[in-house]
Amino acid sequence: MNQSEFDNLLQTATERDLTDGELARLERWLAANPADQAEWEELDHLLATLPDTPVATNFTARVLDEVRRAETAHPALGQAWWQRLLAPQFRPVQIVATATLAMVIGGVGYQSHLNQSRAEMAAAVASIAEFTPVFLVDFEAIEAVAQADAIDEELWAALK
Amino acid sequence: MAKRNLDFCGMVDRNDPDVALMLRVKEGDLSAYETLVEKFKQPVMNLVYRLINDIDEAEDIAQNVFVQVWKTRERYEPASKFTTWLFTIARNLGLNEIRRRTRHPADSLDEPRPDNESQPLRVVEDASSPIPADAALSGELRAKVEEALMDLPEKQRTALLLCREGGVSYEEIAEVLGGISLTAVKSIIFRGRAVLKNRLKPYLKSGEWQKK
């Protein structure tokens, strides 16, 4: 790389991010050219000598006040999350959670009761089925007679 | 030398006492917390102020950074340096403020303050000593550097400011900037420097200054 390529790369750097390869070429160039390196370091020096932003003398005291106030408002901060949920400020949450739990337990119990009733009914039907009368065996044939075609009147008269 | 300048912003301290302090804070130790606030209030203020360019708002946000450190202390894991965590919180709160100002440009100056505060709002030491001529000159140069820095895009500015604080590695800057790659960090820093150099060069040569 020569000086004009270096300058071009600097210009490119103001317009877009450089690639790995371009950064490596810049590093090599700076390592080999103390004048450019010095210019670069001067910029770093300028940044380093920027004055610190003034900080209020009561900064720390104000932060500690804020933290103590937050601790007073939420004394359970150091406890586990489930312990914090037992605090009085979560009373509505506790009520809703208890009601939801009661509904879930009630629902599960009722469903279990229904399942049990169905099982009992199925057992009863099965026991009745064992005593089915014999005539019910021909039920389908008898049912089919009603659905048969209209009687052939001529044949009927001949048979008489 | 060039390698050092491109790869690191400063030395990385491997025996990090800040992590030990923060682990004490995690257990609820207020004196350790106070030590951390005292130690890092300046770098946090430097970063936040140069992010949002408003000294009063910067102080409120910087205080909020430390309050957040306390409130979220239980979530702290010493997987990375304490400063990485701290500067990430500072940057996020600074960005929130920038977004808020973008949405509500008029309401930053007249927000009501909490009326139950026992501390006065802001007490700054008197610095009104006479300024020598050469100091005034370098003061003017600093003002130009400051202005050029403020005109940089946020990521370039934050990366250069973290470099300026010293002891912040490229890996840490990558984390603070949202987990970007090392190449991206190098490129962002190089780009920021190149833009600053271009902007300041005419001023340093002939005193010519172009407003952005």
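Reminder, nothing fancy here: chain letters follow the sequence lines and each chain counts from 1.
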Would you say the side-chain atoms of [X] pair up with the backbone N or O of [Y], donor to acceptor, closer than 3.5 Å?
X	Y	value
S181(B)	A184(B)	yes
N58(A)	A61(A)	no
R164(B)	L161(B)	no
N33(A)	W29(A)	yes
R142(B)	P51(A)	no
Y33(B)	F66(B)	yes
R157(B)	L51(B)	yes

Can you confirm whether L177(B) sits close enough to R91(B) that some side-chain heavy atom of one is under 4.5 Å from a side-chain heavy atom of the other?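 Yes; the side chains approach each other to less than 4.5 Å.
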Per-residue contact mode, A62(B) against chain A (heavy atom under 4.5 angstrom):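 Answer is both: backbone and side chain atoms of A62(B) are under 4.5 Å from chain A.
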Toward chain A, the part of L149(B) with a non-hydrogen atom under 4.5 Å: side chain
Measure the CG-CE distance between L86(B) and M22(B) for me, rounded to the nearest 0.5 Å. 9.5 Å
Report, by ascending residue number, the residues of [range] in heavy-atom contact with chain B at a distance under 4.5 Å; give 'none' if the set is empty.
range	value
residues 108-118 of chain A	none
residues 1-22 of chain A	L10(A), Q11(A), A13(A), T14(A), E15(A), R16(A), D17(A), L18(A), D20(A)
residues 99-106 of chain A	none

Top of [options] for chain A proximity - count of heavy-atom pairs under 4.5 angstrom:
options	answer
L200(B), V37(B), L30(B)	V37(B)
V195(B), I188(B), N46(B), T183(B)	N46(B)
Q156(B), E165(B), E38(B), K201(B)	E38(B)

Pair W40(A) + F190(B): ring centers closer than 6.0 Å: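 Yes.
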Could you tell me if the ring centre of F82(B) sits under 6.0 Å from that of F40(B)? yes
Salt bridge check, [Y] against [X]: does any charged N sit closer than 4.0 Å to a carboxylate O?
X	Y	answer
K26(B)	E77(B)	yes
R24(B)	E27(B)	no
R101(B)	D54(B)	yes

Between L64(A) and chain B, with a heavy-atom cut-off of 4.5 Å, which part of the residue counts as in contact: side chain, backbone, both or neither? side chain
Quick one: list whatever passes ring-ring contact (aromatic ring centres under 6.0 Å, His included) with Y49(B), sequence neighbours left out.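 Residues passing ring-ring contact (aromatic ring centres under 6.0 Å, His included) with Y49(B): none at all.
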Quickly, which of R50(B), R193(B), K155(B) forms a side chain to side chain contact (heavy atoms under 4.5 Å, CB included) with L160(B)? Name it, please.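 Of the listed options, the one satisfying the test is R193(B).
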